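Worksheet: one structure, shown below.
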Amino acid sequence: METYTLLREFADSWMLLALFTFFVGVVLWVFRPGATKHYDNPRNIPFRHEDKPAPSRGKDSKEARDNG
């Protein structure tokens with residue numbers, strides 16, 4: 001049996017099963033009951049600075065705050 005045929009059969013059977021199991025595991029991990037606290041902070045990132053823009057970071061902004 002040539003290498004390509006062997007790898008193709010492996011990919012069609014066991015690798016498909018392994019990747020599907022990994023996908024289901026990741027979905028279950030993300031939607032587990034204890035994950036709510038962990039994902040509260042990241043899910044609110046787009047809404048943190050709705051009223052005004054975020055302060056700029058860097059050397060220039062620090063100097064402006066110190067002098068102002």
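It should be emphasised that the depicted structure is a prediction, and the values quoted were computed from it without experimental measurement.
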Same cluster (ILVMFWY, side-chain, under 4.5 Å), F23 and F31: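 Linked within one cluster.
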
Is there a path of hydrophobic side-chain contacts, each under 4.5 Å between heavy atoms of I/L/V/M/F/W/Y residues, joining W14 to L19?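 Yes; tracing contacts between hydrophobic side chains, which count when under 4.5 Å, links both residues.
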
Roughly how far apart are T21 OG1 and L16 CG, rounded to 0.5 Å?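 Here the rounded value is 9.0 Å.
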
State, with a plain yes or no, whether a side-chain heavy atom of H38 is found less than 4.5 Å away from one of V30.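 No, side chains not in contact.
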
If you apply the rule side chain to side chain contact (heavy atoms under 4.5 Å, CB included), what do you find for F10 with L6, and how did you get there? CA-CA 6 Å; F10 178 73; L6 179 66; 5.8 Å; no

